[in-house]
Amino acid sequence: MGDLPGVTSRLKYLKELGVDAVWLSPFYRSPQADAGYDVSDYRDVDPSFGTLTDFDEMLSTAHALGLRIIVDLVPNHTSDEHAWFIEAKAAAPGSAARERYIFRDGKGEDGELPPNNWQSIFGGNAWTRLVEADGSGGQWYLHLFDTKQPDLNWQNPEVRAEMESVIRFWLDRGVDGFRVDVAHGMIKAEGLPDWDGVASMVEGEHSEEEAAKERAMNPPSPFFDQEGVHEIYRAWNKVLKEYEGDRMLVAEAWVEPAERLVRYIRPDEMQQAFNFEFLLAGWDAERMTTAIDNSLAAVEEVGAPSTWVMSNHDTVRHTSRYGLSVPTSFPTGISQSDEQPDEALGLSRGRAAAAIMLALPGSAYIYQGDELGLPEHTTLASEFRQDPAFARTKGAETGRDGCRVPLPWFGQEASYGFSHGSVSPGQPWLPQPESFARYAADLQNGDAASTLELYRDALALRQEHRLGDGAVGWSALHDPAAGVLAFANNGVLVVTNFGDQPVRLPDGLLEELTVKLRSQPTALADTGESTAPACASELAPNSTIWLA
Ligand code: NOJ
């Protein structure tokens, strides 16, 4: 599975990569119905990942290396195997135990119909009916996600107090912050009104224009981005302030447009929110320009830093998305019967895009394996799929397993070294494709042309030039309609060619400025038309350079 001692053993690798902090997805006790986003005990480590002692060891090793640790907090729902839900099932309708969740009587003569028409984000009904001890149908409970993830009732003060106590538990242990899962979902509209819209976790299957049209046509969802959520974050902000140091909250909130999203990072709420507009822009100079402009303008309103991310555990890896015939498309997964991405093209674009992201002000989030240029596993056999969305949609949604396949550490070892050093190395929890041998970290280490060394160089330069604290100034070279993105940040000029033809750079540019980074060794070429002393150069297709 990969466990906490394993994380500890790789912290040095992350330090050498050049990151400042690590966000860990949930490692709490859980039946693993949704990769740990179904927590049965918020104050313990799942035995498959280790113990609380292993956690403390991991945290102190990270801190000794100067790395911060951010843990995942899952406040919208618990596991159905959480003590509270077990108690609620056994308790009577209307009891205090049931009031911690969202239980309702069904509609119809015998309550045989769900209380409203909400659909689960993973597909199917968002309500499940309890079966009473005598076999008769009981009340229904709400689960925006899987049936094994009952939603908590955030109108209940007991729920708020409990989650604050969970936050304190981990702050007391020394964590630096929390990534807040479904941060836009905890409060549901009064009366749980029917809603005919379709919500997806990853709101990206459409273009910005379509999204705007949809927003105009659909009344806002009664379970996402309700005003009431902000009160919760104001309370948590106060809790964090009681602690020493620089603790933070980052929202996972699929909220559009950027002006709505930044309401989560007003000065008395969270510190950061994932900026999914950048992730959804795909490989397209105009869309990326808009995402950068929108994001920077919106955060300025609230005085928070922007964030940037291209992939995570819920999305198809960007290297594979960028290799599709439509490099702005956003599939929910890729299977054997779907179009297969052009791996080499996707990788060049992925590297060029990373060189954009890592030059932007604010915080950049790298998903594990991005730094190796890992592609999605696009031919994973159905029998291995574990994402509840795959099962609940009967395969209509391929699901997220393809981006979660364990990393290749050593190209020549069994499981590419994923279970290196474990007592019984065996099959990893998701099988790795053969192509992973080419991406193994040990092969890339020290190879100046590798993706790993590109990330290391970019992160070191980011630090040296304090790009995180800088600002974007579009350069005279910036011409998104022609597929050229160019900006300066703290004295570093970043130029990307999104097209499939070389772009000629202004004569003399390379005499004036030094090349600090190229997204691939062949990013720059002499046009052969040089007239000394100025040489004429061009930027290769799907490439980024940094000059200073
Ligand atoms: C968002 C998480 O990133 C995702 O992996 C999970 O399935 C849902 N929230 C439900 O917790």
Side-chain angles (χ1 to χ4, degrees), residues 1-2 23-40 42 46 70-82 85 101-102 118-124 126 128 141-152 154 163 166 178-188 199-204 221 223-225 229 249-255 261 264 270 272-276 279-280 307 309-317 330 332-333 365-369 376 385-393 397-405 429-430:
M1 288 293 287
W23 149 37
L24 294 168
S25 55
F27 48 77
Y28 315 107
R29 262 190 199 266
S30 160
Q32 306 294 329
D34 181 23
Y37 284 97
D38 49 318
V39 181
S40 56
Y42 289 87
D46 194 83
I70 294 168
V71 297
D72 219 308
L73 186 72
V74 192
N76 179 66
H77 43 264
T78 69
S79 161
D80 67 337
E81 296 181 34
H82 187 283
F85 195 75
Y101 292 90
I102 304 180
W118 294 1
Q119 297 297 296
S120 152
I121 284 132
F122 289 158
T128 292
Y141 67 89
L142 177 71
H143 51 89
L144 289 184
F145 295 90
D146 191 63
T147 183
K148 285 185 69 63
Q149 294 167 293
D151 279 51
L152 284 164
W154 274 86
M163 209 51 78
V166 167
F178 302 88
R179 175 264 191 193
V180 181
D181 189 58
V182 206
H184 55 323
M186 274 123 79
I187 297 290
K188 281 79 184 173
S200 36
M201 183 173 58
V202 174
E203 305 275 1
S221 147
F223 46 80
F224 280 159
D225 199 26
V229 293
L249 299 162
V250 53
E252 187 241 4
W254 291 85
V255 170
L261 180 64
Y264 290 76
M270 302 209 214
Q272 296 190 351
F274 283 107
N275 170 14
F276 294 119
L279 182 152
L280 294 169
T307 67
V309 58
M310 297 194 294
S311 287
N312 68 21
H313 63 293
D314 293 327
T315 63
V316 170
R317 284 186 178 274
F330 200 79
T332 54
Y365 284 77
I366 299 169
Y367 177 48
Q368 50 105 350
E376 182 88 358
R385 295 207 176 271
Q386 301 193 17
D387 185 348
F390 177 72
R392 288 183 66 91
T393 60
E397 259 189 39
T398 304
R400 302 162 291 172
D401 300 294
C403 66
R404 298 177 174 185
V405 176
W429 67 287
L430 287 171

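Indexing begins at 1, ligand by ligand and atom by atom, following the structure's order. Basis for what follows: all heavy atoms, side chains included, without hydrogens, waters or symmetry-related copies.
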Please could you name the atoms of ligand 1 that [X] approaches to less than 4.0 Å, counting only its heavy atoms?
X	answer
H313	2 (C), 3 (O), 4 (C), 5 (O)
V182	9 (N)
E252	1 (C), 3 (O)
R404	5 (O)
R400	4 (C), 5 (O), 6 (C), 7 (O)
H77	10 (C), 11 (O)

Heavy atoms only: which of D38, D314, I121, D181 is nearest to atom 3 (O) of ligand 1?
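Heavy atom nearest to atom 3 (O) of ligand 1 belongs to D314.
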
Evaluate side chain to side chain contact (heavy atoms under 4.5 Å, CB included) for D80 paired with T147, printing each intermediate quantity in order.
CA-CA 8 Å; D80 67 337; T147 183; over 6 Å; no

Examine the side chains of D72 and S25 and answer whether a donor and an acceptor come within less than 3.5 Å of each other.
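Per modelled atom types, D72 and S25 side chains form no pair under 3.5 Å.
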
Short question: side chain of T393, backbone of E397 - any donor-acceptor pair under 3.5 Å?
yes

Any donor-acceptor pair under 3.5 Å from D225 side chain to H184 backbone
no

Would you call the rings of Y28 and Y42 parallel, tilted or perpendicular if under 30° counts as parallel and over 60° as perpendicular?
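Y28 and Y42: tilted rings.
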
Looking at W23, Y367, W254, which one forms a ring-ring contact (aromatic ring centres under 6.0 Å, His included) with F274?
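Only one of W23, Y367, W254 forms a ring-ring contact (aromatic ring centres under 6.0 Å, His included) with F274, namely W23.
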
Under 4.0 Å from ligand 1, counting heavy atoms only, is it the side chain of W254, its backbone, both or neither?
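Neither; no heavy atom under 4.0 Å.
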
